[in-house]
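To keep things clear, I will list the structure first and then write my remarks on it.
What's counted below: heavy atoms across the whole structure, side chains too, no hydrogens, waters or symmetry copies. Along the sequence shown, residues are numbered consecutively beginning with 1.
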Amino acid sequence: MNRTAFAVAALVVATVSEMALARPAFDKSIFTRVLWAHHQVESITCAQGPSCFDRQLVRSGGDSVMDSVLLAHMLEDVGMKGVFVFGYPPSVLLDGFSRADNGRVAALVANVDSLADQPGDKSRSDEAVTAACYGYWREFMQRNSAVMRHPSYARAGSRPVIGLYAPGLNHLNRPQCFAEAVKRVEKEFFPCVWILIGDCCGEFKVMAPWIEVADGITWYSPQSLPMLKEYAEGMRTRFPEKVFMPNVRPKWQGANYGSAGVEAGVFTGIMRKVFDFALDVSPDGVCLNELAEFQEQSFVVPSYQTFDTWWRICREYSRRLRGLPLERKAPELVLSTRKDLLLGDWFECEILGFQVAGGSDVELDLRLADESGEEFYRFPKRKLALNKTGDVIFRAPTAGWTDRLAVIPELRYSFNGVESDPLWFRPTRLWVGNWPSDQIWSTPIDMAGKARVQSLWLTAIGKTPGFRVVKAG
């Protein structure tokens with residue numbers, strides 16, 4: 001066989017192979033110009049952590065179905081269509097979504113990495129790996145077919161959606177075995193839509209063989225902008241029919257149990273930056289991580305710690321994703337500070353301002369009071385342009401604050417010639433010799449206090465009236 005004939009034969013073989021692996025077309029509108037989120041169902045009904053600031057702000061009072069009804073309306077508020085459910089079967093969640101009757105949906109998640117050989121392990125034949133995959137997915141469908149017929153289960157067209165949590169997948173695994181197993185399972189049960197949830201999976205060329213045998217990809221953690229651009233180009237040129245949803249969360253780092261917070265001095269900036277990354281690559285939709293993972297500090301649902309700050313950011317970027325008009329006419333500001341701070345570190349405070357129609361500036365007058373409510377520090381006034389969503393960071397040294405137990409921010413602002421009343425926020429506690437938590441308080445201005453009262457601090461740190469502050473000395 002000459003070289004030309006050999007090349008033609010190779011092309012024919014590759015084309016036939018791709019056709020054999022090709023997934024059928026489906027309606028992906030359920031993922032288009034909407035938000036999705038990962039969700040561990042137990043987190044919504046059993047908020048993790050012993051302290052008040054780890055608890056959800058919005059709860060039904062113990063009725064788990066009503067928790068899910070509330071969640072459905074909250075999802076609708078920010079343009080979030082559905083959730084990928086990790087952990088327990090989502091029967092209660094689905095029942096609540098159906099009762100809410102507002103089109104919110106949920107999809108099951110299974111772990112795909114356990115189905116194929118680990119990188120470098122070639123001891124099993126393709127037939128053995130395919131048989132193992134088929135056995136797993138057949139049992140999965142037998143166990144969950146009833147759930148997938150629920151009226152509020154996520155469907156792309158008529159096909160139930162299944163999330164494939166895929167940590168560490170690469171080209172050494174065998175996607176063709178997965179594809180063959182799924183083909184047999186779908187023939188025996190019903191066609192589905194399989195969405196990869198990548199985690200530590202690497203660049204596009206590594207994941208392309210897996211994307212080819214699935215119906216789309218999202219992630220469990222945010223990706224860098226160069227990585228997203230690489231995926232966006234690959235998805236447009238090779239897989240335009242498949243789902244492409246970048247991931248967003250409030251922090252860079254992964255799980256740091258017990259103390260994981262938002263990096264000091266960045267506050268809401270991480271979430272806004274990765275949202276910008278996501279929207280820059282013109283995705284189908286965007287997926288949040290996670291709704292209520294309090295244990296890893298990845299939550300975005302309203303809480304005592306951050307009120308609804310993350311939710312407001314989701315709402316704003318969802319508006320942009322959906323192309324909805326900007327209707328905000330008055331300043332919507334959010335003040336974020338550290339919950340606690342080691343004496344000697346810099347005190348930092350972020351004031352976030354959402355874009356306002358017309359784009360006028362707002363003048364910020366930030367002052368600091370001690371635990372008794374007495375003002376002791378005043379920052380120079382600063383302006384924040386509201387022609388786009390942005391922030392101002394105020395910083396001050398704490399080395400001379402040794403006679404103070406806490407720092408309480410007090411904010412006044414002026415917009416279009418109208419000055420606000422003083423607004424009081426939750427304090428940053430000052431420690432000597434203790435390790436600070438690296439967590440934050442975040443408070444929108446419409447949730448701030450209007451009085452110079454010590455009880456604001458006592459309530460914020462979970463104390464009750466009767467706790468007495470004893471000043472140093």
Side-chain angles (χ1 to χ4, degrees), residues 35 53 56-58 74 77-78 248-251 261-276 288 297-320 326-339 341 347-357 359-368 379 381-395 407-415 419-428 438-450 456 459-460:
L35 302 182
F53 53 81
Q56 287 185 138
L57 187 64
V58 180
M74 290 166 61
D77 176 54
V78 296
V248 170
R249 68 179 175 191
K251 59 177 187 153
V262 177
E263 285 84 340
V266 183
F267 302 109
T268 68
I270 293 175
M271 189 177 197
R272 291 183 285 116
K273 183 178 288 292
V274 292
F275 252 127
D276 285 333
L288 276 293
Q297 289 285 303
S298 293
F299 64 90
V300 294
V301 293
S303 71
Y304 286 118
Q305 184 177 338
T306 55
F307 289 143
D308 64 345
T309 295
W310 305 130
W311 219 238
R312 293 175 189 237
I313 294 173
C314 289
R315 187 186 298 119
E316 173 63 14
Y317 280 89
S318 173
R319 179 193 67 78
R320 291 171 51 184
L326 175 62
E327 298 179 349
R328 189 181 298 106
K329 297 180 180 179
E332 185 177 353
L333 307 176
V334 178
L335 186 144
S336 301
T337 59
R338 296 273 293 277
K339 283 174 62 259
L341 188 66
F347 171 83
E348 294 171 313
C349 177
E350 176 201 77
I351 298 179
L352 165 66
F354 290 96
Q355 183 180 2
V356 170
S360 300
D361 292 349
V362 60
E363 185 178 67
L364 306 171
D365 179 6
L366 181 64
R367 308 174 188 188
L368 302 178
F379 291 95
K381 294 180 180 180
R382 297 179 66 177
K383 288 188 176 182
L384 174 60
L386 299 181
N387 59 341
K388 62 179 181 179
T389 297
D391 65 72
V392 170
I393 302 289
F394 292 86
R395 303 178 77 242
V407 179
I408 303 175
E410 176 193 351
L411 176 67
R412 296 168 172 83
Y413 67 91
S414 177
F415 181 72
E419 294 188 0
S420 73
D421 294 327
L423 299 171
W424 290 75
F425 296 82
R426 291 175 288 181
T428 295
D438 287 340
Q439 296 176 351
I440 68 171
W441 295 125
S442 191
T443 309
I445 57 173
D446 52 320
M447 297 182 178
K450 299 292 181 67
L456 177 67
T459 301

Partners meeting side-chain hydrogen bond (donor to acceptor under 3.5 Å, both in side chains) with Arg272 (sequence neighbours left out): Thr268, Glu350, Asp391
Results of side-chain hydrogen bond (donor to acceptor under 3.5 Å, both in side chains) for Asp421 - residues two or more places apart only: none
Least distance between heavy atoms, Trp441 atom then Arg338 atom: CD1-O, 4.1 Å
Under the salt bridge (charged side-chain N to carboxylate O under 4.0 Å, His left out) test, residues paired with Arg320 that sit two or more places apart: Asp276
Residues in side-chain hydrogen bond (donor to acceptor under 3.5 Å, both in side chains) contact with Ser318, at least two apart in sequence or another chain: Arg322
Sub-4.5 Å side-chain heavy-atom contact between Arg319 and Leu326: yes
Arg382: side chain to side chain contact (heavy atoms under 4.5 Å, CB included) partners, not counting sequence neighbours: Val392, Phe394
Contacts of Glu419 that satisfy side chain to side chain contact (heavy atoms under 4.5 Å, CB included) - sequence neighbours left out: Ser414
ring-ring contact (aromatic ring centres under 6.0 Å, His included) against Tyr413, all qualifying residues, sequence neighbours excluded: none
Salt bridge (charged side-chain N to carboxylate O under 4.0 Å, His left out) against Asp361, all qualifying residues, sequence neighbours excluded: none
Residues forming a side-chain hydrogen bond (donor to acceptor under 3.5 Å, both in side chains) with Gln355, sequence neighbours excluded: none
Smallest separation among heavy atoms of Leu366 and Cys349, with atom names: CD2-SG, 3.9 Å
Minimum heavy-atom distance between Glu410 and Pro422, given as atom pair plus value: OE2-CB, 3.6 Å
Pairing residues for Val334 by the side chain to side chain contact (heavy atoms under 4.5 Å, CB included) criterion, not counting sequence neighbours: Thr309, Ser336, Leu352, Phe354, Ser442, Pro444
Ile408 to Pro427 - nearest heavy-atom pair and separation: CG1-CB, 3.7 Å
Donor-acceptor under 3.5 Å (Arg412 side chain, Arg367 main chain): no
Full working for side chain to side chain contact (heavy atoms under 4.5 Å, CB included) between Glu332 and Glu316: CA-CA 11 Å; Glu332 185 177 353; Glu316 173 63 14; over 6 Å; no
Under the salt bridge (charged side-chain N to carboxylate O under 4.0 Å, His left out) test, residues paired with Arg315 that sit two or more places apart: Asp77
